[in-house]
Amino acid sequence: MEKILREILLKAVRSQESEVKSVEIETPREESFGDLSSPAAMALAKPLKKSPMKIAEEIISRMQDSGFGIQDIFEKVDIAGPGFINFTFKKSFLCGELKQLIKQKEAFLREDVGRGKRVQIEFVSANPTGPLHLGHGRGAALGAALANLLYEAGYKVEREYYINDAGRQVKLLGMSVLAKYKQLLGEDYPFPEDGYRGDYIEGIAKDFKEEKETPEPDVITDFAYQKMLDAIKKDLEDFGVSFDSWQSERELYRKGEVVQAIDDLKAKDYIYEKDGALWFKATGFGDDKDRVIVKQDGEYTYFAPDIAYHRKKVDKGFDEIIDIWGADHHGYIPRMQAVIQALGYPKENLKVLLVQMVTLLRGGKPVQMSKRAGEFITLREVIDEIGEDTTKFLFLTRRSDSHLEVDIEVAKTQSAENPVYYVQYAHARICSIFEKARQEAIGYRQGVKDLTDFNGELFNDEEMKIIKKLLLYPMIFKNAALAHEPHRITFYLQELAGMFHPYYHRHKVISDDMEITKARLALCEAIRIVLRHGLKILGVKAPEKM
RNA sequence: GCGCCUGUAGCUCAGUUGGAUAGAGCAACUGCCUUCUAAGCAGUGGGUCAGGGGUUCGAAUCCCUUCAGGCGCGCCA
């Protein structure tokens, strides 16, 4: 319903002020103000040098002549407060929309804002040197939900995981496992100073021993990181998060892409030598300082393969590249965007979404997260304790750039009261209504044709409110996609469930009155369609029974 | 010192990109299962939107400033 209003309003406004690009539409705080509302007249007051009230009147009168047949759409259009235009829709129009929703299902809910644009989302990308911890889980939940959201919004989405399998950290993992392995054989072998000390190191060392590989550093390093990567993949799989592409850092080296990328920048004169090192002129693109690519000792910095990696992303022809990083890497953004620009693209092509820190508590006490010290709360531990759906919901009921505090003990005790069940329960309840309807052989079961066959005049006020809420979903969905904010869907679903449960409690859907039953079944079906779609985006199951 | 993020109910967080009288969940208390699922429903209480100044028709939202917390500022990854 927002879509049609937007068309009508935009046309009316443009006929008055042709340069207007868009109009704002919002849901009024106060129900009595109408179903949707626009502050457009107030926004235009200044440029047009007229009073908002006058502009609002003109907009309304232009709407009458717009040829949209607005008398069939709106019950009421009025001006209120400092110049809001408030719109109240006709019941018959809303019921028509409801029928469309039921008929078209998800197609009715989506809006194609992506128009086939290709977007790559890179997320998690944790070093394969230890199990995923809860912070990675947050990135995983966000990345997966964002990918679903953009996919539903008409983008072609690729999900990628970047594997840091070439650097010092992986070697350190290998050395740690090697030391453990030697110790298992009873040898007195020194553990690397900064080595990884988690229990999993010993597990890998034991596996290595059993599989009787030759204990050479390279062999053991590869063995260890492969094991670790497998474990990460398993964690992600159990979290219900999947990837389309796994980009290995080593492969970038092996295929010579690192050298190529640097040569590229050299050719464009963005590389220079100083103090025996090779530098990238990041300051030319707004970064604070220039950045070293090759160190004095001839080794590449971490930045070098990252340049190659992002060049590769750009070369793949994505219209938009999204990196999801932990907020502790925020200082890295200007330098990466400098690279994008040096390669000849606008820096907007790379969007970095920062996921803020997850502070972990156990019974009120902060848990120091350190992979090397081996103390941290793993994603797996949390999934095992409270379930993947609850864990995802935990992350997706927050904006990604807000700091998040998770007390693992509290999370466990509260998981039974988690809002995720509230939403899922609404879905399950509707399913059992339909199950009962099926058992009582109510005629809806022939399918869609029958479900849209209802008399909308039978809906009471409470039902109309729910219908309006349902018809708002496409707007919420669209805005969530544009803002890259899946959490908006989460909150909407809670609100919708919060309307359904009381309704369910007050009214029997299936009754002796066949006409009312048909109308209510239609309403339930529509709610179910929306709940399913929203939950699908969040990556949360929509169970039929609970 | 510089930069980024955050500060909203006891706790955890939303707040439609500047809109109308500030919103949920949890926690607390009181009721409700012979019904399509009580993982539910009905009700009660709870606020200096960190403080101060500014911008304008209008600010939790934008700007300045102070305070508090977190995170960065390597030829580490």
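Numbers restart at 1 for each chain; the letters A, B, ... are given by sequence-line order, proteins then strands.
- Residues that satisfy the salt bridge (Lys or Arg N to Asp or Glu O under 4.0 Å) test with Asp401(A), not counting sequence neighbours, are Arg399(A).
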Check the interface with nucleotides 31-34 of chain B: list each N/O to N/O pair with the protein under 3.5 Å, or write none.
none

Just list the side-chain donor-acceptor pairs under 3.5 Å for residues 333-342 of chain A, sequence neighbours left out, or say none.
{"residue": "Gln337(A)", "atom": "NE2", "partner": "Leu350(A)", "partner atom": "O", "Å": "3.1"}
{"residue": "Gln341(A)", "atom": "NE2", "partner": "Gln337(A)", "partner atom": "O", "Å": "3.2"}

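- In terms of the side-chain contact (heavy atoms from CB on, under 4.5 Å) criterion, residue partners of Ser415(A) (sequence neighbours excluded) are, by chain and number, Ile386(A), Thr390(A).
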Could you list, one pair per line, each protein nitrogen or oxygen that sits under 3.5 Å from a nitrogen or oxygen of nucleotides 73-75 of chain B, together with the distance?
{"residue": "rC73(B)", "atom": "O3'", "partner": "Lys289(A)", "partner atom": "NZ", "Å": "3.4"}
{"residue": "rC73(B)", "atom": "O2'", "partner": "Lys289(A)", "partner atom": "NZ", "Å": "3.4"}
{"residue": "rG74(B)", "atom": "OP2", "partner": "Lys289(A)", "partner atom": "NZ", "Å": "3.2"}
{"residue": "rC75(B)", "atom": "O2", "partner": "Gln296(A)", "partner atom": "N", "Å": "2.8"}
{"residue": "rC75(B)", "atom": "N4", "partner": "Asp275(A)", "partner atom": "O", "Å": "3.4"}

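- Using a 4.0 Å cut-off on heavy atoms, the residues of residues 404-415 of chain A that approach RNA chain B are Leu404(A), Glu405(A), Gln414(A), listed by number.
- Note on residues 482-492 of chain A: pairs passing salt bridge (charged side-chain N to carboxylate O under 4.0 Å, His left out), not counting sequence neighbours, are Glu485(A)-Arg488(A).
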Name the pairs: protein N/O against N/O of nucleotides 4-7 of chain B, kept only if under 3.5 Å.
{"residue": "rC5(B)", "atom": "O2'", "partner": "Gln356(A)", "partner atom": "NE2", "Å": "3.0"}
{"residue": "rC5(B)", "atom": "O2'", "partner": "Asp401(A)", "partner atom": "O", "Å": "2.9"}
{"residue": "rC5(B)", "atom": "O2", "partner": "His403(A)", "partner atom": "NE2", "Å": "2.9"}
{"residue": "rU6(B)", "atom": "OP1", "partner": "Arg399(A)", "partner atom": "NH2", "Å": "3.4"}

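- Screening residues 503-522 of chain A for salt bridge (charged side-chain N to carboxylate O under 4.0 Å, His left out), with sequence neighbours left out, gives Asp453(A)-Lys518(A), Glu462(A)-Arg506(A), Glu463(A)-Arg520(A), Glu515(A)-Lys518(A).
- Evaluation of the side-chain contact (heavy atoms from CB on, under 4.5 Å) rule for Ala141(A) yields Phe239(A), Lys392(A), Phe395(A), Leu396(A) as partners, not counting sequence neighbours.
- Applying the ring-ring contact (aromatic ring centres under 6.0 Å, His included) test to Tyr161(A) and every residue at least two apart in sequence or in another chain returns Phe243(A), Trp246(A).
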Under 4.0 Å protein heavy-atom contacts per nucleotide of nucleotides 58-63 of chain B, with B for base, S for backbone only and - for none: ------
